[in-house]
Amino acid sequence: MTIRNILTEPNKLLRQISQKVDKVGKDEQKLMDDMLETMYSANGIGLAAIQIGVPKRIIVMDLSKEKEKKPMFFVNPEINNKNKIHSVYEEGCLSVPNQFAEIERPSTCEVKYLDYNGNEKILKAEGLLATCIQHEMDHLEGVLFIDYLSKLKKSIIIKKLSKQKDKIDRIVV
Ligand code: NI
């Protein structure tokens, strides 16, 4: 498994629409392994493939709070039955480092997807799981949580992020 570099906003790649996966094969499984490793090393709870620069409709998540890991893999996810009742969570994103905002989303939803082995599954999601899967699925459409904020708030965040990028000379050894 390889830890990959996570793209951060502003970056045009993050705005790309990801493509459907034809079949879940060895390459896709290797990608999911790398994504999971990358997500864990960055202390995230969800990651979409485009966040490491791969425009495929693949998401990994792990919402377990205990030491025991419970990874979830979603290939070609589709959302149905979004609840009209919304809930609010304070969201962050590995591609929008150190920025958080309260975002309102449907409180429950149903997700149809292929799992790690390419089997078709349906998941009824609520609470944090529902919010997280919707956040990750936005990535597949090139959408970030800051897009739900007012223009002003969003531009302030992007300015901050651009400054952070200019300032930091990052070395990876
Ligand atoms: Ni994100």
Side-chain angles (χ1 to χ4, degrees), residues 1-21 28 31-65 69-79 82 86-109 111 113-114 116 123 125-151 153-165 168 170:
M1 278 183 258
T2 316
I3 294 172
R4 311 268 203 110
N5 187 35
I6 298 175
L7 305 179
T8 57
E9 174 81 345
N11 185 312
K12 275 187 186 159
L13 266 176
L14 289 170
R15 300 312 192 161
Q16 201 171 313
I17 293 174
S18 295
Q19 299 301 307
K20 263 198 167 184
V21 173
E28 286 72 24
L31 175 64
M32 287 190 262
D33 293 341
D34 285 356
M35 285 169 64
L36 197 68
E37 199 65 14
T38 303
M39 183 191 81
Y40 285 142
S41 82
N43 292 318
I45 57 171
L47 189 78
I50 193 63
Q51 293 181 271
I52 57 166
V54 181
K56 288 185 178 177
R57 300 184 85 80
I58 298 179
I59 289 164
V60 299
M61 284 171 30
D62 189 337
L63 307 184
S64 63
K65 283 181 185 136
K69 289 174 177 165
K70 285 183 188 150
M72 291 184 274
F73 305 94
F74 301 89
V75 179
N76 297 339
E78 285 171 32
I79 283 199
K82 285 187 186 180
H86 286 201
S87 57
V88 178
Y89 277 92
E90 187 172 52
E91 295 187 21
C93 178
L94 293 175
S95 293
V96 189
N98 306 318
Q99 306 300 318
F100 301 90
E102 288 187 348
I103 305 293
E104 196 183 311
R105 298 182 189 271
S107 61
T108 65
C109 62
V111 194
Y113 63 99
L114 302 176
Y116 189 85
L123 174 77
E126 57 174 41
L128 179 63
L129 178 59
T131 288
C132 195
I133 189 74
Q134 290 174 69
H135 172 118
E136 296 311 326
M137 288 199 54
D138 275 352
H139 279 297
L140 306 185
E141 306 302 327
V143 173
L144 299 173
F145 78 90
I146 52 173
D147 298 346
Y148 295 103
L149 303 175
S150 69
K151 270 190 184 169
K153 272 189 188 165
K154 185 179 162 182
S155 72
I156 290 171
I157 287 179
I158 289 178
K159 248 184 218 165
K160 272 190 203 162
L161 292 171
S162 303
K163 267 190 197 161
Q164 280 175 21
K165 269 193 183 174
I168 301 167
R170 196 175 274 165

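Ligands are counted one by one from 1 in listed order, and the atoms in each one are counted from 1 as well. Note that the structure is a prediction, hence the values are computed from the model and not measured.
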Discussion item. Salt bridge or not between R4 and D34? Use side-chain N to carboxylate O under 4.0 Å.
Written reply: yes
Worksheet item: Excluding waters, how many protein N/O/S atoms sit closer than 2.8 Å to the Ni ion (ligand 1)?
Response: 3
Discussion item. For a quick check under 3.5 Å, do N76 and Y113 share a side-chain donor-acceptor pair by atom type?
Written reply: no
Worksheet item: Between the side chains of E9 and S95, does any donor sit under 3.5 Å from an acceptor?
Response: no
Worksheet entry | Beyond-backbone contact of P77 with L140, side-chain heavy atoms, under 4.5 angstrom | yes
Worksheet entry | Contacts of E91 that satisfy salt bridge (charged side-chain N to carboxylate O under 4.0 Å, His left out) - sequence neighbours left out | R105
Worksheet item: Any salt bridge between R57 and E136, counting N to O under 4.0 Å?
Response: no
